[in-house]
Engineer: 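Structure below; questions to follow.
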Number of protein chains: 4
Amino acid sequence: MPRQQLPFNVLKTGHVELRVTDLERARAFYVDLLGFVETERDGSCVYLRGLEEWEHHSLVLRQAPSPGLGHIAYRVAGEEDLEELARLARDRGLPARWLGPGEERGQGRALRIQDPLGFPVEFYHQVERVERWLQRFHLYRGAQVMRIDHVNLHTPDVKAGQDWYVGTLGFMVSEYTETEDEPPRLWATWLHRKQNVHDVALMTGVGPRLHHVGFWLPEPGCVLRAADILSAAGFEGTIERGPGRHGISNAMFLYLRDPDGNRIELYTCDYLIPDPDFEPIRWALNDPKRQTYWGHAAPKSWFDEASLVETFDGVGLMEVRQPELADRPAHVGH
Amino acid sequence: MPRQQLPFNVLKTGHVELRVTDLERARAFYVDLLGFVETERDGSCVYLRGLEEWEHHSLVLRQAPSPGLGHIAYRVAGEEDLEELARLARDRGLPARWLGPGEERGQGRALRIQDPLGFPVEFYHQVERVERWLQRFHLYRGAQVMRIDHVNLHTPDVKAGQDWYVGTLGFMVSEYTETEDEPPRLWATWLHRKQNVHDVALMTGVGPRLHHVGFWLPEPGCVLRAADILSAAGFEGTIERGPGRHGISNAMFLYLRDPDGNRIELYTCDYLIPDPDFEPIRWALNDPKRQTYWGHAAPKSWFDEASLVETFDGVGLMEVRQPELADRPAHVGH
Amino acid sequence: MPRQQLPFNVLKTGHVELRVTDLERARAFYVDLLGFVETERDGSCVYLRGLEEWEHHSLVLRQAPSPGLGHIAYRVAGEEDLEELARLARDRGLPARWLGPGEERGQGRALRIQDPLGFPVEFYHQVERVERWLQRFHLYRGAQVMRIDHVNLHTPDVKAGQDWYVGTLGFMVSEYTETEDEPPRLWATWLHRKQNVHDVALMTGVGPRLHHVGFWLPEPGCVLRAADILSAAGFEGTIERGPGRHGISNAMFLYLRDPDGNRIELYTCDYLIPDPDFEPIRWALNDPKRQTYWGHAAPKSWFDEASLVETFDGVGLMEVRQPELADRPAHVGH
Amino acid sequence: MPRQQLPFNVLKTGHVELRVTDLERARAFYVDLLGFVETERDGSCVYLRGLEEWEHHSLVLRQAPSPGLGHIAYRVAGEEDLEELARLARDRGLPARWLGPGEERGQGRALRIQDPLGFPVEFYHQVERVERWLQRFHLYRGAQVMRIDHVNLHTPDVKAGQDWYVGTLGFMVSEYTETEDEPPRLWATWLHRKQNVHDVALMTGVGPRLHHVGFWLPEPGCVLRAADILSAAGFEGTIERGPGRHGISNAMFLYLRDPDGNRIELYTCDYLIPDPDFEPIRWALNDPKRQTYWGHAAPKSWFDEASLVETFDGVGLMEVRQPELADRPAHVGH
């Protein structure tokens, strides 16, 4: 590892804000069925966290006229990191604005920028500490969601996206996918700051769109249990893909579509990466074990559909752009 | 298997009635913490069942001035079996009486006898069918208790007890324990009518006493989860022994003492016995892997303490008698 | 339950003989990957059993020029049951012959008949007892197959098949599927002698064909592990369907195609049926949760393909007949 | 978090070298029973790793005349970190020496020091990369050990030990134990560089001694499986404590004594700490849920016994010193 040269230190994916059209319905899905812990709510938002988390929220559901992504937030190591990131945004000419303490509930001052991929991204350090429910086993419910793990983003140019995240923000590559062209082209990449497989993945696709938010479960049995609970409650239609094992990341997974169609992944069994010189793992786009290690093809909807992204001014949704590369393996039909 | 010669057909251990001194406190333990389903309650009793069960109840908690066993109930295949069992009781001079339909809630006519071991035993066939919650996964709670599995009884003379259960009632031996005397003497026996390891076990001890009631869980993870939940709720003091693996029966287990001191076992991973000519498995009393396959000794309380048994007239508790044989392995102190 | 009127007592599905075209290859699949225990082998056969089993074999792989079913075997309670069954075959005019002791390795005298559905069925009682590996945990391998559970058969007329199994052989119905016709017609049925969901299932289809043989695993984790192991060894192509949860039977499952295309099911989490008056559970053919509780459709191959069945003289394969009813739910294409 | 001021970056606990008196016997325990992967061996050592690891070894078994700890090794981020650490040792007057590349198999140049607690500690960066078996599921064996997790050390003065690890080496505190004195005194501390609960724990005790080495398993089921496998193979005597759930760290655990009495912990279900400002969790020494969340007391041997530590010159074993504070909770006898 090169000595840390960057003037800021991004720690992890901290939270995601999803737009939902019916707050009660969304709350029931995330809290009553999946077992998120509700920290608090106000007129327009519900603030949720996982059982292992001590931050005020890792998922915000916000009432909005249409589904989609509100913003992604990365936690940084200190207040001064925010200053450095504001300077970076200014230097790059990226739209940016400060949020005052409490402007987002449970959070101190924060910086929002529109990143070069078109996503509204927040950086924050100060956050309200709430009770961690890790050992309140008698209150565990549903899928036993432990913590937010990652976001997965559709972007038309993964190479450019990786340059931003790795070259500028200091993320590290754990695994990646290349086309079978000669020379091969980067098709997707898994990037991390915290020490597991990813905080963010970038996949070639119509973008900017949020493909999914991943939440971490304590063991594979919880993935199965989530599918059982959803089906018993009449929500089997929310199960889009899985349960299965990923080739990439080694994780056991279940992909769900929330009542607004926003996609989340229940995810466990990936691995720890304490070494910054971990050698990234390469996958070929058309390797049938890449997506599902057991050989199952992902459904067409998994490639076609993703959440639109709020514009930086919050008044609309970002226009999307087609990728130059194919947006799926050859064995998945259009 | 010899052709079925008996004029009656005992199917299984159907339910157990426990005496508790604080009905609300007991209900909270069994329902809120362990996850039993409450079918109904009346002034003096709460009627509970497991997630896989369709009978009105498999566990009755009855308000009483002291803890203990109310009665054990075995289900028989038909009404005419009850007549035959009444005849048997009369022939043997055993105390017996009929309960009218509904005298015990959710149940048709039933026969109660005092068996030769001194236990109040009920036989019934007709029972109210209620909804089976097997696939209501969103309502699963606590340890996910599936069904009643067995009772374990302390009796001073296991040989005589086995004669009654096997010779008269038609139970079959799955496993048994002998002393290391020459010739060896029968110390404990596991007996079944349904096709798993036991409906009833008899252990040498001060009796008649109920050692424990066993309930079946779907997998080992639920045994661990039960211990976590109890501890998180401040009930770690109810955990008497385990989690562990039995040598006998191969089951994963957890022994609990309910708020009145009645002992229950959470139990899973035993095996199926579809063959009446299954060869019983012999264990030596002092084999350290007999009780806990991993070599852990059971605590002294596990040998010392058990629930007293209601007299047949219901007005008192049965006097107990000391066994002739030692009531525990040599490696467990008195 | 009516008093047992039948002059014989079928205990359970005891074993199945599969035809394989490459004995070594098949042995490697079942033993090295799935973890069956090899009891012994001779020039043409390999004799396998599960970890919980004490019988000489529950699965026989026999070298043959083409894949398919050799025979199905049911264990009966005693030798005299065989005489009664021979009388039944004679009365019904069913082809029948006796096998001498040892004619099938590890087995005493046995009766083979061709049943009215066209399947070669063996009844046996005497069998060589071998060591049960239940507590030889250090020798557990692969999917940890515990025991044979059931056979699933394609037959053009399920109603007639159920008449034979229930009316004549004394099997009991646990669950069944009806069409949505008015009046509804029986489309499939799950039948048991041992006390769980089934020993045999009959499904409407081109028959007589063996759809699959089901083997029981100790817990859902073993189903996932089987998929991982197969994929790691390069056998992901053998995974046809699952892992998933059945609506019918509640089981967690994984369907595999062995190297010859014979289909097996790894199966766990069904339930116990100690009561002969268990009320059968009805499913509608087009209920999307019937096959997979999570709503996943079974693949087309699962309906199209099945193993042909050896003729009673062993020299050919049975011709098959089309069913009158549709052989799949409406949502599965032809 | 303060900006990283230290001139070196310790990444994680990298490996441990244990002294064993019978190399074959030790190898059989770790490889055949516990499922470690053997990278290679030479005349005096066996080099082992876990299924998730890509380094040449995380555990070295070295033939020696008596059991004990050979050395502990921490991986650093780069070669220049070693220079800085050598400078630190010189400044502090700590015994230190360089190992040339390959002097320890599979490893580049390394620095060995005797730390202020008396332990032989190695720092290394360059290491031979070998195949990671994470997705070779068909080769998984035993307890499915994934990776080394931590070392736990007995030292008479935990406060001084923490000063060294936190103040000098840059470790962070995740959890700690204090006496119930007024003011309370530090009794034990859990310290990490990688992002989970610990790389090293220090406990008040006779020291310097190695209390145990912890290895990480993928899920609680593997802890149970380890106990089953050991018992089936006749090694139940190696199980010293557990399976259980720790209050501290939340981990599921099993403590084993290898054939030489060296103690290892199989460990899983702790949590991720991506935030350097994680608020350390305080436990009172006599809290009965601290050690085992379910309330079980640790056995006396667990407090009494630990492995002696090789002197820096390798020719003897370090003398030990008694702690000033009590070396165990009040409820554990001496």
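Every heavy atom of this structure was used, including side-chain atoms; hydrogens, water molecules and symmetry mates were not. Every chain is numbered from 1, with letters handed out A, B, ... down the list of sequences. Computed from a predicted structure; not experimentally measured.
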Engineer: Kindly say whether C:L272 contributes a backbone atom to a donor-acceptor pair with the side chain of B:E52 at under 3.5 angstrom?
Structural biologist: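 Looks like yes, one N/O pair under 3.5 Å.
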
Engineer: Heavy-atom cut-off 4.5 Å, strictly under: side chain, backbone, both or neither for B:E55 against chain C?
Structural biologist: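 The answer is the side chain of B:E55.
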
Engineer: Does B:Q195 reach the main-chain N or O of C:Q195 with its side chain, forming a donor-acceptor pair under 3.5 Å?
Structural biologist: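 Such a contact is found between B:Q195 side chain and C:Q195 backbone.
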
Engineer: When rounded to the nearest 0.5 angstrom, what distance separates CG in B:L51 from CG in C:N250?
Structural biologist: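 The CG atom of C:N250 is 10.5 Å from CG of B:L51, to the nearest 0.5 Å.
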
Engineer: Go through the steps to decide whether B:D277 and C:R75 satisfy the test salt bridge (Lys or Arg N to Asp or Glu O under 4.0 Å), and finish with yes or no.
Structural biologist: CA-CA 12 Å; B:D277 58 347; C:R75 188 164 193 249; 2.7 Å; yes

Engineer: Could you tell me which non-hydrogen atom of B:L11 sits nearest to which non-hydrogen atom of C:P276, and how far apart they are?
Structural biologist: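 B:L11 and C:P276 have their closest heavy atoms at CD2-CD, 3.5 Å.
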
Engineer: Ring of B:Y271, cation from C:R147 - is the NZ or CZ under 6.0 Å from the centre and inside 45° of the axis?
Structural biologist: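 That pair does not qualify as a cation-pi contact.
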
Engineer: So, taking the atom named CG in B:D270 and the one named CG in C:L134, what distance separates them when rounded to the nearest 0.5 Å?
Structural biologist: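 Answer rounded to 0.5 Å: 9.5 Å.
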
Engineer: Using modelled atom types and a 3.5 Å cut-off, is there a donor and acceptor pairing between side-chain atoms of C:Q135 and backbone atoms of B:G247?
Structural biologist: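 Yes, because the side chain of C:Q135 sits within donor-acceptor range (under 3.5 Å) of the backbone of B:G247.
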
Engineer: B:W216 versus chain C, heavy atoms under 4.5 Å apart: side chain, backbone, both or neither?
Structural biologist: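 Neither part.
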
Engineer: To the nearest 0.5 Å, tell me how far C:T268 OG1 sits from B:E219 CD.
Structural biologist: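 Separation between the atoms: 8.5 Å.
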
